[in-house]
Amino acid sequence: QLQASGGGLVQTGGSLRLSCVGSGFTYPDYTIGWFRQAPGKEREGVSCIRSTDDSTYYADSVKGRFTISSDNAKNTVYLQMNSLKPEDTAVYYCAADFPVHYSGRYYLRHPSIMSYWGKGTLVTVSS
C-alpha cells in the first residue's frame with residue numbers, strides 16, 4: 001500500500017515536498033518512483049529510487065530541481081521539488097515495483113509496468 005501526500009498550491013519558483021509512505025513490502029529489493037499526469041497528457045516518470053543502493057534517476061525536465069530520497073526507518077520516500085514551474089502542475093503519484101526487473105530509467109519511461117500505485121496528490125504551480 002502506498003500513500004502520497006504533500007501537494008498544494010505554490011507560486012512559480014516555490015518549493016514543495018511530497019511524501020510517499022509505503023507498507024506491506026515483502027521484498028528487500030524494490031523501486032519506488034514518482035510519476036505525474038497533467039490534464040490532457042499521458043502519465044510521465046519524474047524520479048525513482050532503488051532500495052538496495054539508493055540509486056536515483058530523474059527525468060530531464062526535473063534534473064537539478066527535484067531530489068528524491070528515502071527514509072527506510074519510516075518507510076517513506078520524499079520528493080523535494082524546488083524552483084517549481086507552471087509546467088510542473090499535475091497530479092503526482094508514487095508507485096512501486098518489486099522484485100526489481102528493470103533499470104530506473106526504464107521504469108520512468110514505462111510507468112505502466114509499475115505494479116503498485118498510490119492515490120495521487122495535486123500540485124498546482126501558479127504563474
Side-chain angles (χ1 to χ4, degrees):
Q1 185 175 2
L2 298 168
Q3 180 65 50
S5 62
L9 174 63
V10 65
Q11 292 185 334
T12 296
S15 298
L16 282 174
R17 189 177 78 160
L18 306 183
S19 299
C20 175
V21 180
S23 61
F25 289 8
T26 58
Y27 290 89
D29 184 17
Y30 54 86
T31 290
I32 291 185
W34 286 98
F35 300 81
R36 66 186 182 186
Q37 188 165 20
K41 294 188 176 181
E42 293 186 353
R43 191 168 297 187
E44 63 175 358
V46 176
S47 181
C48 64
I49 187 167
R50 186 164 180 175
S51 62
T52 51
D53 59 4
D54 284 341
S55 54
T56 58
Y57 302 88
Y58 297 92
D60 288 342
S61 59
V62 306
K63 280 181 182 177
R65 300 188 299 122
F66 291 10
T67 303
I68 192 170
S69 62
S70 65
D71 184 336
N72 292 333
K74 296 182 179 179
N75 292 328
T76 302
V77 171
Y78 303 99
L79 185 68
Q80 178 66 45
M81 305 187 296
N82 299 329
S83 302
L84 283 162
K85 305 174 181 179
E87 51 263 45
D88 295 317
T89 295
V91 177
Y92 284 70
Y93 301 87
C94 62
D97 192 43
F98 56 87
V100 175
H101 295 295
Y102 306 100
S103 70
R105 290 183 182 86
Y106 193 85
Y107 279 120
L108 292 186
R109 294 177 180 176
H110 300 86
S112 63
I113 63 175
M114 300 298 277
S115 300
Y116 304 93
W117 289 84
K119 292 183 179 180
T121 184
L122 177 62
V123 172
T124 303
V125 184
S126 63
S127 56

Exercise. State plainly whether the residues K63 and D60 are in salt-bridge range, i.e. N to O under 4.0 Å.
Key: yes

Practice problem: First locate atom CZ of F35, then atom CG of L108, and finally report the distance between them rounded to the nearest 0.5 Å. | Solution: 5.5 Å

Self-check item: Between Y116 and D97: side-chain donor-acceptor atoms closer than 3.5 Å
Solution: no

Practice problem: State the CD-OG distance between Q11 and S127, to the nearest 0.5 angstrom. | Solution: 9.5 Å

Self-check item: Hphob cluster co-occupancy, Y57 + L79, side-chain heavy atoms under 4.5 angstrom
Solution: no

Quiz item: Hey, quick one: are F98 and L2 part of the same hydrophobic cluster, counting side-chain heavy atoms closer than 4.5 Å, chains of contacts allowed?
Solution: yes

Quiz prompt | side-chain contact (heavy atoms from CB on, under 4.5 Å) between V77 and W34, worked out | solution = CA-CA 9 Å; V77 171; W34 286 98; 3.8 Å; yes

Quiz item: Of the non-hydrogen atoms in C48 and G33, which two are nearest, and what is the gap between them?
Solution: CB-CA, 3.6 Å

Exercise. Drop me the distance from R50's CZ to I32's CD1, to the nearest 0.5 angstrom.
Key: 13.0 Å

Quiz item: So do the side chains of V91 and T121 get within less than 4.5 Å of each other, counting heavy atoms only?
Solution: no

Exercise. Supply the atom-to-atom distance T89 OG1 to L84 CG, rounded to the nearest 0.5 angstrom.
Key: 8.5 Å

Practice problem: Look at the side-chain heavy atoms of Ile, Leu, Val, Met, Phe, Trp and Tyr, link any pair under 4.5 Å apart, and say whether Y106 and M114 land in one connected group. | Solution: yes

Practice problem: Determine, step by step, whether D88 and R65 satisfy the side-chain contact (heavy atoms from CB on, under 4.5 Å) criterion, reporting the C-alpha distance in whole Å, the side-chain angles of both residues, the deciding distance to 0.1 Å, and the verdict. | Solution: CA-CA 11 Å; D88 295 317; R65 300 188 299 122; 2.7 Å; yes

Practice problem: Flag yes if Y58 and Y107 sit in one hydrophobic cluster, no otherwise; membership is Ile, Leu, Val, Met, Phe, Trp, Tyr, and two members link when side-chain heavy atoms are under 4.5 Å apart. | Solution: no

Quiz item: For A90, does its backbone N or O pair with a side-chain atom of R36 as donor and acceptor, under 3.5 Å?
Solution: no

Exercise. Take S47 and F66 through the side-chain contact (heavy atoms from CB on, under 4.5 Å) test and state the conclusion after the steps.
Key: CA-CA 8 Å; S47 181; F66 291 10; 5.8 Å; no

Practice problem: Show your reasoning for whether side-chain contact (heavy atoms from CB on, under 4.5 Å) applies to S70 and N72. | Solution: CA-CA 6 Å; S70 65; N72 292 333; 3.8 Å; yes

Quiz prompt | Candidate list V125, L18, V10, test side chain to side chain contact (heavy atoms under 4.5 Å, CB included), partner M81, passing option | solution = L18

Quiz item: Once you round to the nearest 0.5 Å, how far does CD of Q80 lie from OG of S15?
Solution: 5.5 Å

Practice problem: Report the distance from atom OG1 of T31 to atom CG of D29, rounding to the nearest 0.5 Å. | Solution: 6.5 Å

Quiz item: Hey, does P99 have a side-chain heavy atom less than 4.5 Å from the side chain of H101?
Solution: yes

Practice problem: Can you sort out the partners of T76 under side chain to side chain contact (heavy atoms under 4.5 Å, CB included), two or more places apart, ordered by chain and number? | Solution: S19, V21, K74, Y78

Exercise. Give me the ring orientation class for Y93 and W117: parallel if the planes are under 30° apart, tilted from 30 to 60°, perpendicular past 60°.
Key: perpendicular

Quiz item: What are the two closest heavy atoms between P111 and G45, and how far apart are they?
Solution: CG-N, 4.3 Å

Self-check item: Backbone N/O of S126 and side chain of T12: donor-acceptor pair under 3.5 Å
Solution: yes

Quiz item: Taking a hydrophobic cluster as the set of Ile, Leu, Val, Met, Phe, Trp and Tyr residues connected by side-chain heavy atoms closer than 4.5 Å, whether directly or through intermediates, do L122 and Y92 fall within one such cluster?
Solution: no

